[in-house]
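Below: the structure, in structure tokens.
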Amino acid sequence: MESLKEIKKRINSVKSTRKTTSAMRMVSSAKLRKAEAVITGMRPYSEALDDVMSSLIYGDTPTPLAEARPPRSVAIIAFSSDSSLCGAFNANIIYKLAKTVSAYKKSLQGGNILVYTIGKKAYEAMRKLHIPTAANLEDLAGKADYNRIADLATTLTELFIAKKVDRVEILYHHLRSAGSQILTSEILLPVALPSAGAGKPSAPDEYILEPSAKRLLEVLIPKAIKLKLYTALLDSNASEHAARMIAMQTATDNADDLVDQLTLEYNKSRQQAITNELLDIAGGSRK
């Protein structure tokens, strides 16, 4: 049995750890509220852009970014975090990324696979698995920068148009709620455009478009791709904060339980020590 001094030392240590986990939970909660506010504020712009694009797609409005072709070369973008202590957030994305790369290696039969990691954890995991990465943007995991993520989208768009990449896939966590983050896989390129006339009226004759609908789509679709990639980044950042908040809440609760157990053990040991002293005194007085 541990001595009273050792138990007291453990109680103080656990209480100190609890203060840290509680503070980290509150910080993550504040960051999560801020991230949710950014996503909510961006949603009307995203919806308006989709509506404009849908209204322009009628008749024959082809775009090279929507060209579906058999994949011979693919690019995968995985969103993780730069730091740990966020539960299974990084482990899930790393497992999904490794599984996706393995599946493409089998289906492409020697085709080129470009892996882009956002977050130090995914990059380090790929190094350990000996999977080469085309680029790592670890700073974006902690601070969302639209310009940098837009540059990445532009690079991938140019590779797709030049037919150096036939498919671009993104892996990230979608924040459904503070307690639920959904691991999501989406195809960024080729762009999935709504079919002409599918539940949508054709463009009214009284609307005169300058420049043409095709030219407008050539401008708007790259913007939509950048916005989708930026949205995935914001979603991943918010999911990281939510996962860390839950992990730190669980750690705080566990610390509370451990303190209660150690306090009970301390009281029992202290009571036992007092009882033993009383027995010694009583036994000595009879002698």
Side-chain angles (χ1 to χ4, degrees), residues 17 20-40 42 75-101 114-153 156 168-186 188 226-254:
T17 302
T20 302
T21 57
S22 180
M24 292 180 67
R25 179 190 63 81
M26 290 187 290
V27 170
S28 296
S29 178
K31 289 182 177 180
L32 175 60
R33 288 195 297 270
K34 184 177 179 181
E36 288 179 324
V38 173
I39 295 175
T40 302
M42 190 181 65
I76 307 171
I77 310 170
F79 295 82
S80 67
S81 69
D82 286 337
S83 57
S84 54
L85 299 178
C86 48
F89 177 83
N90 290 311
N92 290 338
I93 201 72
I94 290 169
Y95 173 78
K96 180 65 175 178
L97 176 57
K99 187 177 180 180
T100 303
V101 170
L114 302 176
V115 177
Y116 295 84
T117 56
I118 297 177
K120 185 167 61 176
K121 292 301 179 180
Y123 176 67
E124 291 176 347
M126 293 302 99
R127 289 183 60 186
K128 292 179 180 178
L129 295 174
H130 304 288
I131 298 176
T133 55
N136 175 48
L137 295 81
E138 65 179 63
D139 295 338
L140 282 177
K143 183 179 180 181
D145 187 339
Y146 175 79
N147 292 327
R148 292 185 62 194
I149 203 71
D151 290 341
L152 176 60
L156 294 171
V168 178
E169 186 172 349
I170 55 178
L171 306 176
Y172 67 100
H173 282 88
H174 168 62
L175 182 70
R176 176 182 291 178
S177 65
S180 176
Q181 303 87 46
I182 308 301
L183 185 59
T184 305
S185 173
E186 292 184 1
L188 185 66
K226 294 175 183 178
L227 183 62
K228 186 173 183 179
L229 200 58
Y230 183 59
T231 302
L233 174 62
L234 294 177
D235 229 351
S236 178
N237 287 350
S239 297
E240 176 193 347
H241 298 319
R244 181 171 288 107
M245 182 183 69
I246 294 173
M248 292 301 99
Q249 180 62 57
T250 302
T252 301
D253 294 341
N254 291 339

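Here the structure is a predicted model, which is why all the values come from computation and not from measurement.
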Could you state the interatomic distance from [atom1] ([X]) to [atom2] ([Y]), rounded to the nearest 0.5 Å?
X      : Y      : atom1 : atom2 : answer
Thr40  : Leu234 : OG1   : CG    : 10.5 Å
Arg148 : Leu229 : CZ    : CG    : 12.5 Å
Phe89  : Ser84  : CZ    : OG    : 12.5 Å
Thr100 : Glu169 : OG1   : CD    : 5.5 Å
Thr252 : Met245 : OG1   : CE    : 11.5 Å

Side-chain donor-acceptor distances from residues 24-39 under 3.5 Å, at least two apart:
from  : atom 1 : to     : atom 2 : distance (Å)
Arg25 : NE     : Gln249 : OE1    : 3.0
Ser28 : OG     : Met24  : O      : 3.1
Ser29 : OG     : Arg33  : NH1    : 3.0

For a quick test of reading the model, state the closest non-hydrogen atom pair linking [X] to [Y] and the distance between them.
X      : Y      : value
Leu175 : Asp235 : N-OD1, 3.1 Å
Ala153 : Lys226 : CB-CG, 3.7 Å
Thr21  : Ala251 : CG2-CB, 3.9 Å
Asn147 : Asp145 : N-OD1, 3.1 Å
Cys86  : Ala243 : O-CB, 3.5 Å

Do [X] and [Y] have side chains that approach each other closer than 4.5 Å (heavy atoms only, starting at C-beta)?
X      : Y      : value
Leu156 : Ile77  : yes
Gln181 : Ile246 : yes
Phe79  : Ile93  : no

Could you pull out every donor-acceptor pair under 3.5 Å between side chains of residues 116-133 and any protein atom, sequence neighbours left out?
from   : atom 1 : to     : atom 2 : distance (Å)
Thr117 : OG1    : Asn136 : OD1    : 2.9

May I ask you to decide if Thr250's main-chain N or O and Asn254's side chain share a donor-acceptor pair within less than 3.5 Å?
yes
Counting distance only, does the side-chain N/O of Ser236 pair as donor-acceptor with the main-chain N or O of Ala232 below 3.5 Å?
no
List the steps, then state whether side-chain hydrogen bond (donor to acceptor under 3.5 Å, both in side chains) holds for Arg244 with Ser81.
CA-CA 11 Å; Arg244 181 171 288 107; Ser81 69; 4.6 Å; no
